[in-house]
Every structure is written in structure tokens, then in C-alpha cells.
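Structure first, then comments.
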Amino acid sequence: MSVWKSLGFSNSPYDANPLRPVQEDVDFLVGRNEETTELCTALEAGDHGFLFISGVPGVGKTSFFNVTQFLLESSQAPFGRHLMCARRLCPIHPGATAISVARSALANLIKSVEDYCRLANRPIPSETQKLSKWVGDVGSGGYQIGVTILGCGGSLGRNVSLPKFSEASFEKIVEAYSVVTAEIVVALNFQGAFMVLDNIENLEDRHCADLLLAFRDTLFTCPNLWWIIIGQSGLASLIKTLEPRVFERSAGIGLELKPISLRLLHEAIEKRVHRFHASGDGNAPLPEVVHKHLYHASHGEIRFVFKYSNDICFKFITAIRQGVLDSRLKHVEEALNESLGRALVQAQIPEQRAEKILRLIIETELTGLNLKQKEKELLRLIGHHGSARASEFKKFGLKSSQDFSSNFLSKFFKLNLLRRTQEGRSVVYKLRGMSALASEYSLLTD
């Protein structure tokens, strides 16, 4: 018997993975009508361009975009361009260069075309098929191919000769994009396509600005292609400060996603419960008060709420199963059902037990990080003061802003112990999720 079947569900109502660009996930997006309208309106600025979607980690940026792009692709959006979904996002890794990102994004664009054609039972356009083989060629010799960039209205255009993919120049990569996007319009009857650069905050600020500047007059001007750049809160503000020449070319002023309200969080959970509960009319596995606790600890990160709700349920079922096994009963499944019946209250895990499990989860995770006592003390002080900036190093008993930033704040952020918001060039840090709960449970004191 699966964990969720034990609790009366066919699937987890706390799946923390992003929503997908599929019809089944559309109803799970709540509270983003205004942002959807803003995005669809920005896309009507022309047949190509780029725009920023930002927000704190776990706020639902990818889920929001995936559902919105599906509505546009399937012509369910009330207005906006008919664009093909980016079913393959292009994650940005530390140290990435403009040419490496351009190549990776092209490969993902081609895969998105192949995914769409497979789902729609349509043939892959001929020139895109050639480019798919070109991109996938890893042989030492390589080969050159000729592809045709279609003219207006699908008429024959100019031929382009491409060298081995790994040796192709930026200009040749741009020409390959033109081939794919032209066929998306002519052969697949879209007005264009999406391409997504995800987690761009993995680049240092200057490298991020340099990459976007390299794309500004090349890939960002590719006809029939809309680029979506997803990153940390304040991304548009940061780019405006670092490289105004890029920001001035973007569509709109950037879409900053704020956390959904607690009421909408409960609505999102209710929708999942209704979909996955065996009766279609059951309760969530956890009481609302536990969801509320996780919501406030994470400053509204829906991904955090779902992840730790999921973990509490797993720990609860594990404890029940272990108790049954320890009792050495012959009829294990009957004993499990009986034990669950005694442990649950109105088909829910009791609040006190859920909170006890949550504390043990946080304590275990904190121990696993092997933080030094000084690091724990600094986290405690950040919680006490409410926030921290590198420039406030004296308040935290450190010698310099460089020391505070490099040796502590950056490390804590990478460990997901802090959330950061960008205010121009200024970065503000606050306790995030797990560290906030660790502070609340007094786990940061010696």
C-alpha cells in the first residue's frame, strides 16, 4: 500500500514540483490573474522580444509561466499571441558563457518542437529535423549541413551552411534559431515560440549583465521568438542598474511575482485534495494550522509549504508502519489500517503530532549541515534583527562587509537558509523557511 493510498489519496496533494504546461495542471494555479493579464499584454508588443519574471525562490515563478504559456499555446487565454510552449527550459549554470547558453537554448528549443509534434501527432518540420541531427552530432569529425531560412509567407529563402555544432560561431547559432522559428510559424501555424532562461541568478551580477548584453541585439531580436528570463526577486531592477541598455529593450518593467495569500494557499491545497482524494470530498492530510505555520515561516513560499507538508506525512506513515512491524503482527495491512484509524483525527494527522514531526525534521536537517556555533549564532542574530545587509557587519560582530558577505551570507544563501531580495545594488537577507523554524524551535542556541 502506498503512502498516499494509506491516507486516502491517489497522488500527493503536496507535490512540490512546478506545474506543467498541460491541461491537467491549469486549475491548480491560483491567484495569478493579474500577472497573467500583464504577461499576455506584454507579449503583444511585437513578434519577438524578451521580458523578466522574478520573485523569491519557491514563490511559483515556473508554475505561473508554464500554465500561462499553455493557455496561450492552446488558445485558451482571453488574449495574447499564439505561441508554442517552451517544454524544455534552459537552466543557467555558474560560469556559463553567452555562446554556451545560446547552444544549450537552441538544443532545448528544438526539443520543444519535437515534444509538441509528438503530442500533437504532427511531423517534425524538415529543416528542424536537420538541425536536431546537427545539434546531436558528437563525433570527432563533424559535418556541414545546409538549411533553408524561409522567407515571408513560407516562400523559399536563403540557404545557410553550418559547420560542426561545437565549433559554430555565435552568428551561425543565430541563423539556426531563425530556421527553427520560421518553421514553427510556417509549418506548425504558430505566431512564434517561447524560450526560457531559468535561474539566471546562478551567474555573478556582471556576468549576467554581459550575457544579456550579448543576446540583446542578436538572439533577443530573432523573429518569432519570445525569451523569458526567470530569476531572483528584483532581477529587473538589478539589470536596470547594471546594464540599462538591456533593460531599455525589454518588454514592460519586469514581472515580479509576490507570494500568494494564505487564503489562496488553502484554496490551492483544496483543489489538489478534491482531485486526488479517493472520495473526492475528503480533508487535507494536515490541519490548516500546520499549513499556516509553514506559510509564515517561509514568507509565503508555496514550494516550502508543500515540501514540508509532504515530509511530515511521510514521517507519520513511516512511524505507524514501524510500530506495526515492531509488534510482529501477522496481518500487517489490517494492523496498519487499525493503527492509522487510531492515530488520525477526522482523517487528518493531529496538529500536535504534525508539529512534533516537523521539529524533528528541522532538527535533523540542521544537524546535517554541520554548522559551526558561530554560524548558528549569526543566523540567530539575523532572525533577532529581522534582516541583514553586508554593510551592517559591525552589528553582527564581524570585521568587514567582505567577511560577512563572502564567509557567511553567501554561504547561508546557497544552503537555502536565507532568502535575499535585490533593491538596486543593495541585497537584503532574511531567514528562510528551515532556518526560520530552527530559530523558532530554539535550535540555533548552544
Side-chain angles (χ1 to χ4, degrees), residues 18-55 59-90 105 108-109 111-113 115-117 119-120 122 125 152-154 177-178 180-198 200 215-216 219-231 235-236 247-258 260 264 268:
L19 298 179
R20 304 160 298 164
V22 297
Q23 187 66 53
E24 292 79 9
D25 285 5
V26 169
D27 287 344
F28 287 160
L29 184 70
V30 298
R32 296 297 186 195
N33 292 338
E34 184 176 338
E35 292 91 338
T36 300
T37 300
E38 185 173 346
L39 174 58
C40 292
T41 301
L43 295 172
E44 293 184 334
D47 73 345
H48 68 273
F50 66 101
L51 57 85
F52 302 102
I53 297 178
S54 56
V59 78
K61 300 183 291 293
T62 304
S63 291
F64 158 73
F65 175 69
N66 275 344
V67 170
T68 303
Q69 68 165 339
F70 177 78
L71 293 176
L72 288 165
E73 181 189 84
S74 59
S75 300
Q76 295 181 62
F79 50 85
R81 301 182 66 78
H82 185 215
L83 302 176
M84 191 190 75
C85 285
R87 288 181 168 80
R88 306 294 182 101
L89 278 57
C90 182
N108 283 311
L109 177 62
K111 288 176 182 176
S112 287
V113 173
D115 288 343
Y116 169 78
C117 290
L119 290 168
R122 300 184 63 172
C152 295
Y177 274 95
S178 298
V180 178
T181 55
E183 287 201 312
I184 288 171
V185 173
V186 174
L188 300 179
N189 303 315
F190 285 105
Q191 291 179 294
F194 282 114
M195 187 67 247
V196 181
L197 301 182
D198 196 14
I200 201 165
F215 277 38
R216 187 192 66 166
L219 292 176
F220 287 166
T221 61
C222 182
N224 313 312
L225 190 59
W226 271 97
W227 293 79
I228 307 297
I229 299 98
I230 299 178
L235 174 63
F247 180 79
E248 289 166 1
R249 295 284 187 89
S250 65
I253 59 174
L255 194 58
E256 177 81 14
L257 263 62
K258 302 297 183 183
I260 61 174
L264 288 172

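The structure displayed is predicted, hence computed values, not measured ones. Note: hydrogens, waters and symmetry copies are ignored here, and every other heavy atom, side chains too, is used.
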State, yes or no, whether a side-chain contact exists between Phe65 and Leu39 at a heavy-atom distance under 4.5 Å. yes
Going by the rule side chain to side chain contact (heavy atoms under 4.5 Å, CB included), which residues pair with Arg249 if we only count those two or more places apart in sequence or in a different chain? Phe50, Arg216, Asp217
Between NE2 of His48 and CG of Leu219, what distance do you get to the nearest 0.5 Å? 11.5 Å
d(Leu257 CG, Ser54 OG) to nearest 0.5 Å is 8.0 Å
For Lys111, give me all partners under side chain to side chain contact (heavy atoms under 4.5 Å, CB included), at least two apart in sequence or on another chain. Arg88, Asn108, Glu114
Side chain to side chain contact (heavy atoms under 4.5 Å, CB included) partners of Ala86, counting only residues at least two apart: Gln69, Phe194, Val196
How far does CG of Leu51 sit from CG of Leu255, to the nearest 0.5 angstrom? 7.5 Å
Set of residues satisfying ring-ring contact (aromatic ring centres under 6.0 Å, His included) with respect to Phe64, sequence neighbours excluded: none
Residue list, side chain to side chain donor-acceptor pair (under 3.5 Å) with Thr68, at least two apart or on another chain: none
I need the Asn66 CG to Leu89 CG distance, nearest 0.5 Å. 6.0 Å
So which heavy atom on Leu43 is nearest to which on Leu83, and how close? CD1-CD1, 4.2 Å
As an exercise, state the distance from CD1 of Ile200 to CZ of Phe52, rounded to the nearest 0.5 Å. 7.5 Å
Rounded to the nearest 0.5 Å, how far does CD1 of Ile229 lie from CG of Leu197? 5.5 Å
Apply ring-ring contact (aromatic ring centres under 6.0 Å, His included) to Trp227 and list each qualifying residue two or more places apart in sequence or on a separate chain. Tyr177, Phe215, Phe220
Where at least one partner belongs to residues 29-47, residue pairs that pass side-chain hydrogen bond (donor to acceptor under 3.5 Å, both in side chains), sequence neighbours excluded: Arg32-Glu35
Which residues pass the side chain to side chain contact (heavy atoms under 4.5 Å, CB included) test with Pro125, not counting sequence neighbours? Val113, Cys117, Thr128, Glu183, Ala187, Leu188
pair Met195-Val180: side-chain heavy atoms closer than 4.5 Å: no
Scan for side-chain hydrogen bond (donor to acceptor under 3.5 Å, both in side chains) pairs involving residues 73-87, sequence neighbours excluded, and state none if there are none. Gln23-Gln76, Glu73-Arg87, Ser74-Gln76
Sequence neighbours left out, what passes salt bridge (Lys or Arg N to Asp or Glu O under 4.0 Å) with Asp27? Give chain and number order. none
